[in-house]
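Sequence lines set the chain letters: A, B, ... in the order given, protein chains first and strands last, and positions in each chain run from 1. Atom set for the values below is all heavy atoms of this structure, side chains included, hydrogens, waters and symmetry mates excluded.
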Amino acid sequence: MKRLSILLRREFWENKGAFRTTPLVIGGLYVVFLLMSIFTTAHIDSDLYTFREAVRVMADQPAELRGMVMYQGILGSSVFFTVVMGFVIFFYLLGSLYDDRKDRSILFWKSLPASDTLTLASKLISAMVVIPTFFLLILIITHIIMAIIGSLMILGVDGNPWTLFLGVVNPFKAWAMIAASWYAHSIWALPIYGWLMLVSAFAPRVPLLFATLPPLIFAVLQTWIDFLRTFTLKSNIVGVVGEWIFNTPAILTAEVHDGVGEIALGVPLTDDFDHAVTLVNMLDRLFSAQMLIGLVIAAVFLAAALWLRHRATES
Amino acid sequence: MNPIISARGLTKRFGRTVAVDHIDLNIPPGRIVGLIGPNGAGKTTALKAILGLTNFDGELSVLGKNPARDRAALMEDVCFIADVAVLPRWIRVWQLIDLTEQIHPRFSREKCIEYLADTKVTLDHKVKQLSKGMVAQLHLALVMAIDVSLLVLDEPTLGLDIIYRKQFYTNLLNDYFDEERTILITTHQVEEIEHILTDLIFIQDGKIVLESTMDEVQERYTELMVSKDQAEQARKLNPLYERQLFGKHIFLYDGVTKEQLSSLGELHTPSVADLFVAKMKGSLKNEAENRGDEA
């Protein structure tokens with residue numbers, strides 16, 4: 001346990017920029033944009049007349065509607081974090097078993113009494129848990145700062161921030177949704193994470209190419225051969241992976257409703273989609289046969305990565 | 001006493017090449033062993049097998065463990081510096097110390113900081129800000145602060161200037177080595193380590209060509225320097241190797257008594273480097289003869 005926790009810290013030390021600075025920059029951008037819009041408003045309309053009007057109109061709306069807007073605002077603001085986090089995890093895993101082979105510091109790491117399994121585990125846990133947790137905490141802090149700025153503005157025009165927007169929403173429910181989506185995705189994406197770690201363990205150079213080119217070439221051949229044999233264009237490996245990512249439990253929190261597809265990243269669009277429903281959806285996906293197949297594939301990839309890591313100092 | 005390292009028929013193949021060819025080894029505790037060999041002789045491969053960094057055929061036991069299977073457990077009692085400057089470049093010194101402290105049960109933070117106090121390395125330095133020599137000092141400080149039974153050094157001073165090299169071995173000898181510890185060193189700079197070695201192993205083409213203590217070496221091998229007119233006589237005593245220096249002939253003998261030789265000229269203890277050259281050239285000669293026989 002002591003060893004695992006220091007290895008996790010080691011991953012953080014090496015990747016501070018990706019783990020912490022990146023979400024801080026996004027959160028900072030949110031706050032800066034908010035301040036810029038406030039200054040713009042104040043510059044054009046120095047009496048803040050429009051703002052006063054907006055607050056008044058808002059106060060006239062039913063509390064449920066305001067609550068829903070707030071709720072969706074919280075969830076919606078996570079989208080950018082989610083996308084960037086996807087890239088961060090992708091590149092982190094691609095480098096996870098490659099960088100120390102490239103700079104030969106692997107010889108130092110192997111001189112420590114930490115097993116290859118523990119090393120691999122620390123990197124996988126970083127991708128599945130540590131990175132999403134950093135992004136989540138910084139997202140929450142961003143929300144709080146924005147709420148404080150908004151409240152000050154409303155107080156400035158003699159409004160009541162509590163009745164207007166703070167008290168009408170349960171932010172914990174929204175944050176829990178985001179957290180559940182992200183951690184569920186960590187499990188769902190395991191076969192992809194496993195593939196990235198495997199590539200990271202064997203690529204002699206440019207792991208990015210080794211991760212993406214073979215599936216692409218395979219997909220093109222698959223489609224071509226299918227076409228020659230049957231004159232149809234069936235789905236290929238890239239399609240399968242794409243569908244897999246699209247099927248993530250996080251995305252499907254808003255599913256087909258009244259025959260109409262309403263899909264957005266983790267956002268239930270109407271009140272009928274209570275989080276209980278989406279949690280059930282999430283669990284359905286996580287305990288599906290599809291997930292089981294995914295876990296088997298992930299286990300194969302990770303075992304191969306571990307084997308390669310064990311032999312990484314051979315030549 | 002139980003040997004620190006014992007190998008029986010240790011073999012490592014890369015495809016068709018045999019890098020290590022049925023080596024038998026026995027290294028007891030409390031020794032400083034020099035593993036010397038030309039490039040590509042199999043030194044590094046043998047060390048990698050000992051450190052659990054590669055698979056192998058044959059039997060190998062290091063501190064009673066099989067390195068290929070139990071690398072992590074073995075590393076609690078073994079330290080190695082595989083090459084200069086393999087410390088991760090992004091890491092800070094304090095992070096390195098924290099990390100080693102948490103992972104190594106036998107690491108002493110106080111000792112490490114004490115060793116570092118004698119250098120220009122500070123806790124806040126990043127490894128990439130340090131010069132090559134300072135990285136070597138840092139690595140040595142880390143390793144010396146760990147109480148292990150076996151320390152393996154593979155070309156630990158390669159590329160360092162002479163001041164760092166001297167200091168490296170001085171620190172190692174004064175502050176680290178004791179009766180219970182064993183140090184295994186490979187290097188091309190034989191002259192630098194020969195005075196600290198207790199044992200010598202020559203390896204060539206994956207085979208051990210000499211395994212002996214330094215005392216035995218001094219007893220068994222003698223260097224004789226004679227003038228030209230006595231060279232013929234000296235040659236009759238079947239020297240291992242002959243070379244010429246400033247018009248003098250220098251012969252290296254294996255197992256010829258000092259009494260027999262002293263009448264002919266000046267006697268010396270051969271340096272490890274000269275013995276090495278003699279052994280390597282000697283076995284080349286033998287090989288050539290063998291080939292001649294076959295033809």
Side-chain angles (χ1 to χ4, degrees), chain A residues 1-22 91-92 95-123 125-126 130 200-201 204 304 306-315, chain B residues 12 14-15 19 44-45 47-49 51-56 65 67-92 94-107 126-128 135 138-139 142-143 146 148 151-154:
Chain A
M1 233 24 232
K2 207 168 85 171
R3 281 183 184 156
L4 181 62
S5 80
I6 191 76
L7 285 178
L8 289 173
R9 281 184 72 196
R10 165 237 183 285
E11 294 303 315
F12 167 65
W13 287 334
E14 185 180 2
N15 300 284
K16 260 185 208 155
F19 287 22
R20 196 178 58 188
T21 316
T22 307
F91 285 106
Y92 165 71
S96 62
L97 299 171
Y98 171 77
D99 293 344
D100 61 0
R101 287 191 295 128
K102 197 178 72 179
D103 70 8
R104 310 211 321 117
S105 62
I106 185 170
L107 286 172
F108 169 73
W109 298 114
K110 290 247 187 177
S111 77
L112 297 173
S115 67
D116 295 329
T117 315
L118 198 66
T119 307
L120 214 80
S122 74
K123 288 167 193 278
I125 293 172
S126 292
V130 178
S200 182
L306 185 63
W307 185 77
L308 286 167
R309 179 72 182 181
H310 187 67
R311 297 173 44 112
T313 43
E314 279 274 306
S315 56
Chain B
K12 175 70 190 178
F14 293 106
T44 300
T45 309
L47 288 190
K48 278 187 172 171
L51 295 167
L53 297 176
T54 183
N55 292 325
F56 52 81
K65 294 191 178 78
R69 229 184 25 234
D70 304 325
R71 179 191 59 83
L74 183 63
M75 286 304 125
E76 292 190 2
D77 299 300
V78 179
C79 268
F80 69 89
I81 300 185
D83 196 342
V84 267
V86 294
L87 294 178
R89 290 172 53 72
W90 53 265
I91 208 164
R92 287 186 192 279
W94 68 263
Q95 293 172 338
L96 207 49
I97 292 174
D98 272 12
L99 193 107
T100 315
E101 187 180 32
Q102 296 297 315
I103 294 187
H104 246 297
R106 285 187 248 290
F107 175 77
K126 267 191 184 175
V127 167
K128 67 172 153 214
V135 175
L138 170 61
H139 206 163
L142 274 177
V143 160
I146 303 173
V148 291
L151 173 62
V152 176
L153 304 169
D154 184 9

Salt-bridge present (A:K110, A:D100; N to O < 4.0 Å): no
Per-residue contact mode, A:D116 against chain B (heavy atom under 4.5 angstrom): both
Selection from B:T54, B:I103, B:V152, B:V143 maximising heavy-atom pairs under 4.5 Å formed with chain A: B:I103
Side-chain (A:T22) to main-chain (A:F19) donor-acceptor, under 3.5 angstrom: no
Which portion of A:L118 sits near chain B, non-hydrogen atoms under 4.5 angstrom: neither
A:W307 atom CH2, neighbour heavy-atom count above 12 within 6.0 Å: no
Residue part contacting chain A, namely of B:A49, when any heavy atom lies under 4.5 Å: neither
Distance, nearest 0.5 Å, that separates OG1 of A:T119 from CG of A:L97: 9.0 Å
Contact class of B:D70 relative to chain A, heavy atoms under 4.5 angstrom: neither
Enclosure of A:K16 NZ (heavy-atom neighbours >12, cutoff 6.0 Å): yes
Largest heavy-atom contact set with chain A, pairs under 4.5 Å, which of B:V127, B:L99, B:T44, B:T45: B:L99
Under 4.5 Å from any heavy atom of chain A - which part of B:N55: both
Nearest-0.5 Å distance, CG of residue B:L53 to NE2 of residue A:H310: 9.5 Å
Segment of B:I91 engaging chain A (4.5 angstrom heavy-atom cut-off): side chain
